[in-house]
Amino acid sequence: MTETLTVEQRRAALEGIAAEVRACTRCPLHAAGRTNAVPGAGSYTAEVMFIGEGPGFNEDRQGLPFVGQSGKLLDELLSMIGMRRSQVFITNVVKCRPPENRDPLPDEITICTQAYLYRQIELIAPKVIVTLGRFSMGLFFPNAKITQIHGREKWENGRAYLPLYHPAAVLRNMETLKPQMEADFRKIPQLVAQWASRQSSTTAASASAEPPEQLTLF
Ligand code: URA
């Protein structure tokens with residue numbers, strides 16, 4: 001569906017979603033001390049989309065994702081792989097801050113992802129989705145354990161899903177998790193490159209599966 005939209009139509013649709021998010025009253029989080037909802041930020045044609053858990057104190061204040069300490073680490077990791085925030089799209093499972101930074105509840109996750117996140121994914125159509133932390137991972141890798149699957153991608157729906165630790169978890173255990181996070185992060189550009197070769201081999205396979213043109217002439 002996204003392939004049939006112009007970049008301008010995609011932009012308009014994503015800005016429409018952002019406006020809906022800012023005015024959202026679908027779940028109790030809107031009335032639980034929200035200053036600003038945080039729809040997400042970055043490129044509407046990003047090849048890589050990062051999905052965190054939910055806004056924290058600073059994100060709620062600014063209306064932008066990952067602007068606190070976790071965001072600084074994310075910027076550092078992005079720069080390690082030669083990427084900037086403006087090239088990727090960063091958002092969260094839930095768009096409003098859970099009070100006292102508690103975990104988002106199952107109903108909040110279901111309501112928010114169905115109303116917004118899955119539509120954002122459909123419109124941006126990233127080649128790689130990077131999940132940050134267990135709530136985001138749980139959307140695409142149900143019942144998985146982050147300690148077991150971090151850095152191990154799966155390919156589905158024509159894209160790669162890469163589960164990573166949450167930057168806040170890395171900040172709490174830098175000695176052990178930072179080297180693992182760096183190694184996992186280096187996979188991101190590799191997956192973007194693999195996406196292109198998977199596309200061309202899929203195209204070649206479907207072309208060779210088609211009957212030769214001249215057979216239809218006789
Ligand atoms: N942690 C998250 O999961 N998301 C943010 O936007 C900030 C911190």
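In listed order, ligands and their atoms are each counted from 1. The basis for the numbers below is simple: all heavy atoms, side chains too, and nothing from hydrogens, waters or symmetry mates.
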Just say parallel, tilted or perpendicular for the rings of Phe89 and Tyr44, cut-offs at 30° and 60°.
tilted

Judged by heavy atoms only, the candidate from Gly54, Ser136, Gly40 nearest atom 5 (C) of ligand 1 is Gly54

Testing the 3.5 Å rule here: is there a donor-acceptor pair between the side chains of His150 and Gln180?
yes

How far is atom 8 (C) of ligand 1 from its nearest protein heavy atom, and which residue and atom is that?
Phe66 CE2, 3.8 Å

Looking at Trp155, does the NZ or CZ of Arg198 lie under 6.0 angstrom from its six-membered ring centre and within 45 degrees of the ring axis?
yes

Between Arg26 and Tyr116, does any side-chain donor sit less than 3.5 Å from a side-chain acceptor?
yes

Heavy-atom proximity to atom 1 (N) of ligand 1, picking from Gln69, Gln62, His166, Arg97, points to His166

Would you say the side chains of Lys95 and Gln120 form a donor-acceptor pair under 3.5 Å?
yes

For Gly56 and ligand 1, does the shortest N/O to N/O distance drop below 3.5 Å?
no

Nearest protein heavy-atom contact for atom 4 (N) of ligand 1: which residue, which atom, what distance?
Asn92 OD1, 2.7 Å

Proximal atoms of ligand 1 relative to Gly52 (non-hydrogen, under 4.0 Å):
3 (O)

With heavy atoms under 4.0 Å as the rule, classify the contact between Glu53 and ligand 1 as side chain, backbone, both or neither.
both

Looking at NE2 of His166 and CG of Leu171, how far apart are the two atoms once the value is rounded to the nearest 0.5 Å?
9.5 Å

